[in-house]
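The next block holds one structure in the form of structure tokens; read it before the comments.
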Amino acid sequence: MKKALITGITGQDGAYLSRLLLEKGYEVYGAFRRTSDLHLNKLKFLKVADKIKYVPLELHEFTNIYRTIEKIQPDEIYNLGAQSFVAVSFEIPIFTADVTALGALRILEAIRDINPKIKFYQASSSEMFGRVQETPQNEKTPFYPRSPYAASKLFAHWITVNYRESYGMFLCSGILFNHESPLRGFEFVTRKTTHSVARIKYGFQDKIILGNLDSRRDWGYAPEYVEAMWLMIQQDKPDDYVIATGETHSVREFVELAFKNAGIDIVWSGKGVDEKGKDKASGRILIQVAPEFFRPAEVDFLMGDYSKAKEKLGWSPKTTFKELVRIMVEHDLVLIQKENQR
Ligand code: NAP
Ligand code: F7E
């Protein structure tokens, strides 16, 4: 039985990856950071919470990381733990760098010392492309990070490449574009939108207040993206891969489609922070824009080229943008109904 250690077990990808590895017969060790309450809601939703062996692991703390890896002696480590919210990284840049950049290096140093044969996956991000230098973005596209989060991920990415080249270790970096699901955190724009749409539909919220409606992302479906992580680690040679859908859509398109899935058509008026989205049928304002949701530096456009992953891993996205929005809205409509029946 193979042993996998997953950092960030309580996050969206931690939950889907745990389920995948358990299905494949792995013994899964879930690393969580110690808080007053271990929140297992995503793992419980996927019915895997009681199948995981939990270990407290703080990415700030080298000794904690070292002892945990030494004790478990995993075959594979998936480093999904991070301060992952780009907007917040401008508020807490040093914390973000410590966890997201140095956290990865601490794990690599521990692996190098304990057992350099342990295979390692680093959760790199399309945010590293930032102000994009070419379109679509692939593994050879130059990086241009636009936030403390992206700069931290870029350090983690390059140190992973550097340790692979310096010490011959089996280290992979997956440059994943945005991937979403009903388990997405509520602060990210997709889930904030679908959850708000459901609350508006059932009368628990008046409107949603957003930032930049024109930024564009390549949004895929998270359960498919964790498969790519596992596939990278199973190859004969370690390498880096872009994982994406190859499509790009604006926040505005996502919002319109989310409301449409709840039976509401949106019409837009005004410009910039004065822009408003109204219910076509009633004229009620449902969407407003506020400066507090804009970032000091924005990533305006992302669209990935996943052809290397397709060729070498046999991986391709399956869920379309339309289906993704539908899955998320339908989930949140049921969630809000259930919450309010109690
Ligand atoms: P997520 O839901 O935000 O999960 C992040 C995880 O990291 C949570 O389990 C969190 O724990 C944990 N964490 C935060 N600070 C920590 C610390 N100091 N020590 C230990 N653990 C800590 O993120 P996700 O969407 O699953 O993404 C997984 C990884 O892929 C992240 O590294 C993210 O940056 C990266 N990524 C995500 C996307 C995407 O579109 N989802 C795309 C590219 C890359 P708590 O639950 O206690 O906060
Ligand atoms: O923003 C705009 C915002 O926070 C997407 C993380 O998983 O994916 C994620 O990072 C876009 C941005 O995701 C609101 O300005 C407008 O242009 O959902 P997001 P992100 O920043 O792309 C990458 C790949 C990661 O690696 C990250 O870990 O939407 N936007 N209005 C808004 N964004 C938010 N959050 N809230 C708004 O109200």
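What you see is a predicted model, and the numbers here were worked out from it, not measured in a lab. Whatever order the structure lists ligands and atoms in, that order sets their numbers, starting from 1.
For a threshold of 3.5 Å applied to N or O pairs, the pair formed by Asp13 and ligand 1 contains at least one separation below that value. The distance criterion of under 3.5 Å between nitrogen or oxygen atoms is met by Ala82 with respect to ligand 1. Of the polar atoms of Ser126, none of the N or O atoms is found under 3.5 Å from an N or O of ligand 1, judged by distance alone. At under 3.5 Å, a nitrogen or oxygen of Gly11, whether backbone or side chain, sits near a nitrogen or oxygen of ligand 1.
Scanning the protein heavy atoms around atom 43 (C) of ligand 1, the nearest turns out to be Leu176 O, 3.1 Å. Ser84 OG, 3.7 Å is the protein heavy atom nearest to atom 1 (P) of ligand 1. Scanning all protein heavy atoms for the shortest distance to atom 46 (O) of ligand 1 gives Thr10 OG1, 2.6 Å. When hydrogens are left out, the protein atom nearest atom 19 (N) of ligand 1 is Leu59 N, 3.1 Å; that is the closest non-hydrogen contact. When only non-hydrogen protein atoms are considered, atom 31 (C) of ligand 1 lies nearest to Leu80 O, 3.1 Å.
A ring-centre distance under 6.0 Å is not found for Phe120 and Phe170. The distance between the ring centers of His195 and Phe204 does not fall below 6.0 angstrom. The distance between the ring centers of Phe85 and Tyr149 does not fall below 6.0 angstrom. In this structure, Phe32 has its ring center no closer than 6.0 Å to that of His39.
The list of side chain to side chain donor-acceptor pair (under 3.5 Å) pairs with a residue in residues 283-296, not counting sequence neighbours, is empty.
In this structure, Arg184 is part of the shell of residues with a heavy atom less than 4.0 angstrom from ligand 1. Distances from ligand 1 to the non-hydrogen atoms of His39 include at least one value under 4.0 Å.
Contact annotation: for Lys153 versus ligand 1, heavy atoms closer than 4.0 Å belong to the side chain alone.
Those atoms of ligand 1 that come under 4.0 Å of a heavy atom in Ser124, given as number and element, are 43 (C), 44 (C). The distance from ligand 1 to the heavy atoms of Val99 drops below 4.0 Å at these ligand atoms: 15 (N), 16 (C), 17 (C), 18 (N). Those atoms of ligand 1 with a heavy atom of Tyr149 less than 4.0 angstrom away are 33 (C), 34 (O), 35 (C), 36 (N), 44 (C). Shown in contact with Leu57 at under 4.0 Å from a heavy atom are these atoms of ligand 1, numbered in order with element: 19 (N), 20 (C). Close approach of ligand 1 to Ala123 is summarised as follows: ligand atoms under 4.0 Å from at least one heavy atom of the residue are 29 (C), 30 (O), 32 (O), 35 (C). Of all atoms in ligand 1, listed by their number and element, those nearer than 4.0 Å to a heavy atom of Asn178 are 40 (O).
The side chain to side chain contact (heavy atoms under 4.5 Å, CB included) search around Glu330 returns Arg326, not counting sequence neighbours. The side chain to side chain contact (heavy atoms under 4.5 Å, CB included) test applied to Glu109 returns Phe62, Leu105, Arg112, Tyr163, not counting sequence neighbours.
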What are the polar N/O contacts of ligand 2 with the protein below 3.5 Å, with distances?
| from | atom 1 | to | atom 2 | distance (Å) |
| --- | --- | --- | --- | --- |
| ligand 2 | 1 (O) | Arg295 | NH2 | 3.4 |
| ligand 2 | 4 (O) | Arg295 | NH2 | 2.8 |
| ligand 2 | 7 (O) | Arg184 | NH1 | 3.1 |
| ligand 2 | 7 (O) | Arg184 | NH2 | 2.9 |
| ligand 2 | 8 (O) | Asn178 | ND2 | 3.1 |
| ligand 2 | 15 (O) | Glu298 | OE2 | 2.6 |
| ligand 2 | 17 (O) | Ser215 | OG | 2.6 |
| ligand 2 | 17 (O) | Arg217 | NH2 | 3.0 |
| ligand 2 | 17 (O) | Glu298 | OE1 | 3.0 |
| ligand 2 | 17 (O) | Glu298 | OE2 | 3.0 |
| ligand 2 | 18 (O) | Val189 | N | 2.8 |
| ligand 2 | 21 (O) | Arg295 | NH1 | 2.6 |
| ligand 2 | 22 (O) | Asn178 | ND2 | 2.9 |
| ligand 2 | 22 (O) | Arg217 | NE | 2.8 |
| ligand 2 | 26 (O) | Ser125 | OG | 2.6 |
| ligand 2 | 26 (O) | Tyr149 | OH | 2.6 |
| ligand 2 | 28 (O) | Ser84 | O | 2.7 |
| ligand 2 | 28 (O) | Tyr149 | OH | 2.8 |
| ligand 2 | 31 (N) | Gly211 | N | 2.8 |
| ligand 2 | 35 (N) | Glu187 | O | 2.9 |
| ligand 2 | 38 (O) | Lys192 | NZ | 2.7 |

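With respect to Glu27, the salt bridge (charged side-chain N to carboxylate O under 4.0 Å, His left out) criterion is satisfied by exactly one of Lys51, Lys53, Lys2: Lys53.
Around atom 40 (O) of ligand 1, the closest heavy atom drawn from Glu180, Arg33, His179 belongs to His179.
Under the 6.0 Å distance and 45° angle rule, Arg216 does not count as a cation-pi partner of Phe301. For the pair Lys192 and Phe293, the cation-pi criterion (under 6.0 Å, within 45° of the ring axis) is fulfilled.
Trp219 and Phe254 have tilted rings, their planes meeting at an angle from 30° to 60° on a 0 to 90° scale.
Salt-bridge formation is not detected for the pair Lys201/Asp332: no Lys NZ or Arg NE/NH1/NH2 atom is positioned less than 4.0 Å from an Asp or Glu carboxylate oxygen. We find that Asp265 and Lys260 are joined by a salt bridge, their nearest charged nitrogen and carboxylate oxygen being less than 4.0 Å apart.
Residues Glu61 and Thr63 have side chains that bring a donor and an acceptor to within less than 3.5 angstrom of each other. A side-chain donor-acceptor contact under 3.5 Å links Glu224 and Thr319.
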